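Here is the naming used below: chain letters follow the sequence lines, and residue numbers restart at 1 for every chain. Just so you know, these numbers come straight off a predicted model, no measurement behind them.
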Amino acid sequence: MRWSQLFIPTLKEDPAAAETASHKLLMRAGYIRPLGSGIYSLLPLAQKVRLKVINIIREEMNAIGGQEFVLPALHPTELWEESGRLGTMGDIMFRLKDRKGAELVLGVTHEEIFTSIARNALSSYRQVPQIWYQFQTKFRDELRPKSGLLRVREFTMKDSYSFDVDAEGLDKSFDLHKAAYERIFTRAGLDFVAVEASSGAMGGSASTEFMVLTDAGEDLVVLCRGCGYAANVEKAVAAFETIESKNAHASLEKFPTPGLKTVEQLANFADFAATKNQIKTLVYAADDELVLVLLRGDHELNTTKLTDFLGAENVRAAEDQEIFSAMGAHAGSLGGVGVKTSNGGKIKKVFLDNALKGRSNMVTGANDDDFHYKGVSIERDIEASAWGDFRGVKTGDMCIKCGGALAVEKSLEIGHIFKLGTRYSTTMNAHVLIASGEKTPIMMGSYGIGVERLMAAAVERSHDKKGIIWPKSLAPYDVIVNVINSAEEEALAAGEKLYAELRAAGIEVLLDDRAERPGFKFADNDLIGIPLRVNIGKKLKDGIVELVERATGENKDVPIHNLVDVFKQNVTGAL
RNA sequence: CGGGACGUGGCGCAGCUUGGUAGCGCGGUUGCUUUGGGAGCAAUAGGUCGCAGGUUCAAAUCCUGUCGUCCCGACCA
């Protein structure tokens, strides 16, 4: 393609609305334009990158036996009622009515639709395993679209679904996907980590997220450099030091703490109330039922862990009036001592974090404003409904596997694979017959990659002050041939000739034939991020052109007649 | 949904406090010069100041409402 004819509306200045690097650069380099909040048009360069991503994914999906479908984005609401997800996903789904008044939704994902095909067409264990996938537009009414292509309301997802007769089959399909995803992201030139994750609204037993480490991400992952342990904070577990309580048999004693509301204030107030010796008491509403969550004073609750533990749909912090009416005191003086969950109390459950196990002589609120207890012995004084892991891991915590120091880092989710089990096959009645003649629900898995998000993640990870630096496998073109002074007929003719030769050799070339000044063209060339550039300039009279690598800025002189061979090695070889 | 900021030529912004002729840079067009890191000079086109209502002799500017966009949080495959 000739640049003079390609639509690449580059911008000299950063758009006011953009914050993250990928958003700014994709805008400036003429890849995307906004249409509304979380809605973007992909311009020709972006579409070329998108197709490269899609092709890599398609090849790897086909390699594990995936079969490509295209399912509708527009769904009858009934299917979502049937699976029970209209309730859990309801707010994020775009809903509409047709002219007859029938209710429709735009798909946020396609478990229901693939399952509806599977239940009609799969009837015997002999027909599985199956791996079905598609590239389809997903619509999500996100609470807050942000960061350009990173969180949008309409985007392309590769979603695939596996159908097996038993857990072993599912494990195999899951592992095939995991390996395929690793190949996909590696081929896409991305540094990524695979982490254990929460299954959330998808349901199911296990899931792995593929994360790119970047501050532009919204997730936190816990990493152990020692042993490679990696998990989303929503799932990560850390070891905790055992604390031997001094004076373990101290008796319960109420004492005044006027005006002391926080763990820190209390710790400063008295030596025996060090944060590690306090019990933090939180009141949460789980599907509108009040529960108490008790953690060590220096620990913090991870609400996803609590939600997953409870299997609840909606978990939120209780409001001030709810707290006072249930506990008889305000936040700051709350505690679990004496809280009864039986006989009609407003608190239905008391959950204790594992880090409190065996602790005694602790300090906690007395459920009487401006009073606390000391000498609290957990097992003796607090009625536990259940113990669990509720605390959020922090940098510096100990790895449960090797004891090494854990690091918590921001990251961006580019892929997520789930073992769904029979969550959908049971509710939607998708069964096969096994050898014995009995019906068994199909074991399903679901696997997703956000295509445009992957593009944006690549930019987040690979750019400099001058612009984008695409990995070779994603770049819209392999090389730019820049005719520095396109007014010189010889130079232009040499550029045209090289352009034709390179294309004939199967190399994707962008010929910068614009009648612009050199500096302007160099800046534009750098901005759009093509990995290699050939400058046809002053040395042409000696038969020499310059080959410049975008990432490093390194350049070397090459005889123009050798160039096609050099490219066959450098470019084709690297693809 | 809570908090904050912002809507003025294609892009980035000033003007608003103190009401009266709408301005700058980039970009566009034309001409001349220039040609290895976002050129110079000259000329020129382009704006219902988000929208609606109100106050006023007069509103980009003051008031009310509304829509939109971005950021933080809640939240979220």
Discussion item. Using every non-hydrogen atom in the two residues, find where A/Lys521 and A/Asn482 come nearest and quote the distance to one decimal.
Written reply: CE-OD1, 3.3 Å
Fill in: Watson-Crick/G-U partner (both atom distances under 3.5 Å) of B/rG28
B/rU44
Worksheet item: Does A/Lys419 make a cation-pi contact with A/Phe174, if we ask for NZ or CZ under 6.0 Å from the ring centre and within 45° of the axis?
Response: yes
Worksheet item: B/rU61 and B/rG19: how far apart are their C1' atoms, nearest whole angstrom?
Response: 6 Å
Practice prompt. Could you work out the separation of B/rC63 and B/rU56 based on their C1' atoms and round it to a whole Å?
Written response: 12 Å
Item to complete: Identify the nucleotide, in any strand shown, that forms a Watson-Crick or G-U wobble pair with B/rG23, with both distances under 3.5 Å; if there is none, say none.
Response: B/rC13
Worksheet item: Judged by modelled atom types alone, do A/Asp164 and A/Ser173 share a side-chain donor-acceptor pair under 3.5 Å?
Response: yes
Worksheet entry | For B/rG37, the Watson-Crick or wobble partner whose two distances fall under 3.5 Å | none
Worksheet item: Does any nucleotide pair with B/rC49 by Watson-Crick or G-U wobble geometry, both distances under 3.5 Å, and what is it?
Response: none
Fill in: Pairing partner of B/rC6 (Watson-Crick or G-U wobble, both distances under 3.5 Å)
B/rG68
Response to the item:
Between CG of A/Asp141 and P of B/rC75 the distance, given in whole Å, is 17 Å
Look for any protein N or O under 3.5 Å of an N or O in nucleotides 70-72 of chain B and output each such pair with its distance, or none.
| residue | atom | partner | partner atom | Å |
| --- | --- | --- | --- | --- |
| B/rC70 | OP2 | A/Ser37 | OG | 2.7 |
| B/rC71 | OP1 | A/Ser147 | N | 3.4 |
| B/rC72 | OP2 | A/Arg144 | NH1 | 3.1 |
| B/rC72 | OP2 | A/Arg144 | NH2 | 2.6 |

Discussion item. Suppose you measure atom P in B/rG20 against the same atom in B/rC26; what distance do you get, rounded to whole Å?
Written reply: 28 Å
Fill in: Euclidean distance, atom CZ of residue A/Arg316 to atom C1' of B/rG73 [Å, nearest integer]
17 Å
Discussion item. Regarding A/His177 and A/Tyr133, do their side chains bring together a donor and an acceptor under 3.5 Å, going by distance alone?
Written reply: no
Worksheet item: With nearest nucleotides of RNA chain B determined for A/Glu13 and A/Phe155 from heavy-atom distances, which residue corresponds to the more 5′ nucleotide?
Response: A/Glu13
Worksheet entry | Span that lies between the P atom of B/rC41 and that of B/rG3, in whole angstrom | 50 Å
Discussion item. With a 3.5 Å limit on both atom pairs, tell me what B/rC62 is paired to, counting Watson-Crick and G-U wobble, or say none.
Written reply: B/rG54
Discussion item. Under a 3.5 Å distance rule, please check whether A/Thr77 uses its side chain to pair with a backbone N or O of A/Leu104 as donor and acceptor.
Written reply: yes
Discussion item. Taking the P atom in each of B/rG53 and B/rC13, what is the distance between them to the nearest angstrom?
Written reply: 30 Å
Worksheet item: In the 5'-to-3' direction, what one-character label does each nucleotide of nucleotides 33-41 of chain B receive under the scheme B = base within less than 4.0 Å of a protein heavy atom, S = sugar-phosphate only, - = no such atom?
Response: -BBBBBB--
Worksheet item: How about A/Glu452 and A/Thr156: does a side-chain donor come under 3.5 Å of a side-chain acceptor?
Response: yes
Discussion item. Cation-pi check for A/Trp3 against A/Arg514: NZ or CZ below 6.0 Å from the six-membered ring centre and within 45 degrees of the axis, yes or no?
Written reply: yes
Worksheet, complete the sentence: Under a 3.5 Å limit on both distances, the Watson-Crick or wobble mate of B/rG73 is B/rC1
Item to complete: Nearest whole angstrom, please: distance from the P of B/rG10 to the CZ of A/Arg33.
Response: 14 Å
Worksheet, complete the sentence: A/Thr303 meets the side chain to side chain contact (heavy atoms under 4.5 Å, CB included) criterion, sequence neighbours left out, with A/Tyr284, A/Leu301
Discussion item. Return whichever of A/Tyr447 or A/Arg153 has its heavy-atom-nearest nucleotide of RNA chain B closer to the 5' end.
Written reply: A/Arg153
Worksheet item: For atom P, what is the distance between B/rU21 and B/rG4, given to the nearest Å?
Response: 33 Å
Discussion item. Rounding to an integer number of angstrom, what distance separates B/rU44 and B/rA5 when you compare their C1' atoms?
Written reply: 37 Å
Worksheet entry | Nucleotide B/rC76, atom P - distance to CZ of A/Arg453 in whole Å | 15 Å
Practice prompt. Could you name each residue pair satisfying salt bridge (Lys or Arg N to Asp or Glu O under 4.0 Å) that touches residues 66-76 of chain A, not counting sequence neighbours?
Written response: A/Arg58-A/Glu68
Item to complete: Mind checking side chain to side chain contact (heavy atoms under 4.5 Å, CB included) for A/Glu82 and listing every partner two or more places apart, or none if nothing turns up?
Response: A/Leu79, A/Arg119, A/Met428
Discussion item. Taking B/rC24 as the reference, what is the distance to B/rG47 when you measure between their C1' atoms (whole Å, please)?
Written reply: 14 Å
Worksheet item: For A/Asp557, which residues count as a side chain to side chain contact (heavy atoms under 4.5 Å, CB included) partner, sequence neighbours excluded?
Response: A/Lys539, A/Ile544, A/Glu546
Worksheet item: What's the NZ-C1' distance between A/Lys24 and B/rC11, to the nearest Å?
Response: 15 Å
